[in-house]
Amino acid sequence: MSKLEQQRREKRGQIGQLGADPYGGRFEGAEPAASVRGRYTEGQEGQRGRCAGRIVLLRDIGKLIFMTLRDSSGTMQLGLSKKLLAGQWELIKKLDLGDLVGAEGTLGTTKTGELTIWVEHLTMLSKALLPPPEKFHGLADVDLRYRRRYVDLWANPEVMERFQRRSAMTASIRGFLQARGFLEVETPMMQTVAGGAAARPFITHHNTLDLDLYLRIAPELFLKRLLVGGMEKVFEINRNFRNEGLSTRHNPEFTMMELYQAYADYHDMMDLTESLIGHLIETHCAGSVLPFGEMEIDFSRPWRRARYADLLAEYAGCDIEDLPAVRKKARELNLDETGMDDAVVINEVFEATVESHLVPPTFVLDYPAALCPLTKQSAADPRWAERFELFAGAMELANAYTELNDPDVQEANFRRQLRGLSADETMAKMDGDFITALKYGMPPAGGLGIGIDRLIMLLTNATSIRDVILFPLLKPAGSGAGPEALPEAAGPST
RNA sequence: GGAGGCGUAGCUCAGCUGGUAGAGCAACGGCCUUUUAAGCCGUAGGUCCUGGGUUCGAGUCCCAGCGCCUUCACCA
């Protein structure tokens, strides 16, 4: 145990001896600091304030102490005068940076104009045994910030603000969809067949049933069962799990919004996507041109809609129908195209040449049908699937299509995908019950998936997905994980 | 998994061609009733990520490992 912690433990004991509970209790009627600030009228006598929060700055001038209290809304200065608080002065002298306190008193300003609660009674709410990070630089070590997000959130106020904005934005998404008649549902996260996307799943096990289960990689096949069941507009916002590499754009568990609308198609989904994200930007962002790292992204509507084949011609310089030319381009890009399906080669070239250019929001539409086993082919030209992906900031943000509702074509697509692939790489595993559902008749429908974490990244200018996920996946730290590792505290599981 | 970078006091960081470990903040003692990164005087605080090796001598050089960051690979 560090010396600093020992000192704080001693103070905790002394606070108890002074008759105060170092861990406090119910503290009624605390008002957010920002709200007090908002209602304060200068010069008007008799205004009172009652706040609770963490001591983040402490200036002890002897018989007068100033503290800066932080709550989730902002900060409030406390002025503690020995004259006003003679009965509590010994207790007040035991307070440390990081402690949680409540305070009530009259509001006023200091001669430098800072709004201050001139405290008449102070309540001890919780003793911090560990010292907070440095007051000016905050917690800067990236590893520590993720591992101890509970410190990061108040040591770096912009972190708190970003997650508050994330919460407000997801609330807006729900409101937007509910206002349009979409029903929010929850479908299984543990599935016996991990379908609806091409990704390696996590495997878990149910003991009583002695059953291996997969954490879902997508909710798609269950949401479409609900279309069969008669829910005409459904959505789900929830976690997907993909057992793949980590990057600034990938976390193994991530939040996806998927929605399905009966009797619609991918053009409807494009319009819906544009108005949903446009609405979020209008509601939660300053203007429609947003900074993103080194980039600036102009979200002014309407957004560009470009055909996949046209973008390939524009940036790769080859005709999607001219397969030898596409393969030649692949070799120029150092892609090993031997043994690859034509459609896969095309997509590799697309990803290598086009995606990095898609900084302004761009709908890429009409994908090669072979890449889209769950998508309805274009009636006009079956080589293309009625699918789009939305890119912004050179990042894939959304994926949508006109849903395939022919059970026989769906089953054939599943079988084709299963062929020649190893079990853990299977692009879409056969889901017999899903085929059964389709045989009862699924309405023609448009479906849309939006990666919520990536959307929040773009709208809050976070270039790493870890900055929009409260607890991103990290390897367990070694012995240096924390001085507070308490192996003896591992009690029985609950 | 490959490549590059980083790991030093509770926190933020210095530490040169190898020569007994440094600062600021935080802490402790003292002074101070309008400070706001408060100020002044004094004191204390180290598994230099871990383990090997080279050397008279390693925070520094070499090897291996661990963790994080970036990037590539993987990735509907």
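Chain identifiers are assigned alphabetically (A, B, ...) following the order of the sequence lines, protein sequences preceding nucleic acid strands; residue numbering begins at 1 within each chain. Here the structure is a predicted model, which means the values were calculated and not measured.
- Between A:Tyr214 and A:Phe202, a ring centre-to-centre spacing not shorter than 6.0 Å is recorded.
- Between A:Tyr266 and A:Tyr401, the distance from one ring center to the other does not fall under 6.0 angstrom.
- Each of A:Leu64 and A:Leu97 was matched to the nucleotide of RNA chain B holding its nearest heavy atom; the match closer to the 5' end belongs to A:Leu97.
- B:U12 and B:A23 make up a base pair, with Watson-Crick or G-U wobble contacts both under 3.5 Å.
- In this structure, A:Leu139 atom CG and B:A26 atom P are separated by 17 Å, rounded to whole Å.
- With both ends at atom C1', the span from B:C69 to B:C49 equals 16 Å, rounded to whole Å.
- With a 3.5 Å ceiling on both atom-pair distances, B:G59 lacks any Watson-Crick or G-U wobble partner.
- Residue A:Lys475 has no polar side-chain atom (N or O) positioned under 4.0 Å from OP1 or OP2 of B:C69.
- Distance A:Glu134 CD to B:G45 P: 21 Å, rounded to the nearest Å.
- Distance, A:Asp60 CG to B:C40 C1': 14 Å, rounded to whole Å.
- Straight-line distance from the NZ atom of A:Lys3 to the C1' atom of B:C28: 6 Å, rounded to whole Å.
- The gap from the P atom of B:C62 to that of B:U54 amounts to 15 Å, rounded to the nearest Å.
- When the nucleotides B:U33, B:A76, B:G67 are ranked by their closest atom to the side chain of A:Asp143, B:G67 comes out on top.
- Side-chain nitrogen and oxygen atoms of A:Arg59 include none within less than 4.0 Å of the OP1 or OP2 phosphate oxygen of B:U35.
- With distances taken from any side-chain atom of A:Arg200 to the nucleotides B:U33, B:A38, B:C74, the minimum falls on B:C74.
- Enclosure of atom CZ in A:Arg239 is not indicated, since only 12 or fewer non-hydrogen atoms of other residues, nucleotides or ligands lie within 6.0 angstrom.
- Residue-to-nucleotide contacts include a donor-acceptor pair under 3.5 Å from the side chain of A:His250 to the base of B:C75.
- Here A:Leu4 lies in heavy-atom contact (under 4.0 Å) with a base.
- Here B:A76 is the nucleotide among B:A27, B:A76, B:U35 with the atom lying nearest to any side-chain atom of A:Asn399.
- Using a 4.0 Å heavy-atom distance criterion, A:Gly79 is classed as making no nucleic acid contact.
- At a threshold of 4.0 angstrom between heavy atoms, the contacts of A:Thr68 with the nucleic acid are absent.
- Listed pair A:Ser247 / B:C72 fails the phosphate criterion, with no side-chain N or O lying under 4.0 Å from OP1 or OP2.
- Residue A:Tyr367 is out of contact with every strand shown, counting any heavy-atom pair closer than 4.0 Å.
- Straight-line distance between the C1' atoms of B:G10 and B:A26: roughly 7 Å, to the nearest whole Å.
- Comparing the same atom, C1', in B:A44 and in B:G29 gives a spacing of 10 Å after rounding to whole Å.
- We find the CD-CG distance between A:Glu386 and A:Asp366 to be 7.5 Å, quoted to the nearest 0.5 Å.
- Considering A:Ile92, A:Val119, A:Leu78 as possible partners of A:Ile65, the one that fulfils the side chain to side chain contact (heavy atoms under 4.5 Å, CB included) test is A:Ile92.
- Across the protein-nucleic acid pair, A:Glu355 atom CD and B:A76 atom P stand 11 Å apart, rounded to whole Å.
- For B:U71, the paired base is B:G2 (Watson-Crick or G-U wobble, both distances below 3.5 Å).
- In this entry the distance linking CG of A:Leu333 with P of B:A73 reads 11 Å, nearest Å.
- Side-chain atoms of A:Glu389 lie closest to B:A76 of the nucleotides B:A37, B:A76, B:U35.
- Across the interface with RNA chain B, nearest-nucleotide mapping of A:Thr110 and A:Glu220 shows A:Thr110 to be the residue nearer the 5′ end.
- Ranking B:U12, B:C11, B:A76 by closeness to the A:Pro133 side chain, first place goes to B:C11.
- A distance of 11.0 Å separates CD of A:Glu220 from CG of A:Asp431, quoted to the nearest 0.5 Å.
- In this structure, A:Arg147 reaches the B:C68 phosphate: one of its side-chain N or O atoms is under 4.0 Å from OP1 or OP2.
- In this structure, CD of A:Glu5 is placed 14 Å from P of B:C28, rounded to the nearest angstrom.
- One can place NZ of A:Lys135 at 15 Å from P of B:U35, the figure rounded to the nearest angstrom.
- For the pair A:Lys111 and B:U34, the criterion of a side-chain N or O lying under 4.0 Å from OP1 or OP2 is not met.
- A tilted orientation is assigned to the rings of A:Phe350 and A:Phe391, their planes being inclined by 30° to 60°.
- Nearest to the side-chain atoms of A:Glu114 among the listed nucleotides B:C13, B:U35, B:A26 stands B:U35.
- When the P atom is used for both B:G46 and B:C11, the distance is 14 Å, rounded to whole Å.
- Atom CD of A:Glu90 is surrounded by 12 or fewer heavy atoms from other residues, nucleotides or ligands within 6.0 Å.
- Taking atom C1' in both B:C48 and B:U8, one finds a spacing of 4 Å when rounded to whole Å.
- Closest approach to the A:Leu474 side chain among B:C68, B:U71, B:C11 is made by B:C68 (side chain taken as heavy atoms from C-beta onward).
- Look at B:A64: its Watson-Crick or wobble partner, with both distances under 3.5 angstrom, is B:U50.
- Here A:Lys93 does not reach the OP1 or OP2 of B:G29: none of its side-chain N or O atoms lies under 4.0 Å away.
- Within 4.0 Å (heavy atoms only), A:Thr109 reaches no atom of the nucleic acid at all.
- As rounded to the nearest Å, B:C72 and B:A9 have C1' atoms that lie 37 Å from one another.
- Distance from the side chain of A:Glu396 is smallest to B:A76 among B:A76, B:A27, B:C69.
- Within the 4.0 Å cut-off from OP1 or OP2 of B:U70, at least one side-chain nitrogen or oxygen of A:Arg466 is found.
- Summarising the base pairing, B:C31 is matched to B:G39 through a Watson-Crick or G-U wobble pair whose two defining distances lie under 3.5 Å.
- For the pair A:Arg387 and A:Tyr367, the distance from NZ or CZ to the six-membered ring centre is under 6.0 Å and the angle to the ring normal is within 45 degrees.
- Rounded to the nearest Å, the gap between the P atom of B:U20 and that of B:C16 is 12 Å.
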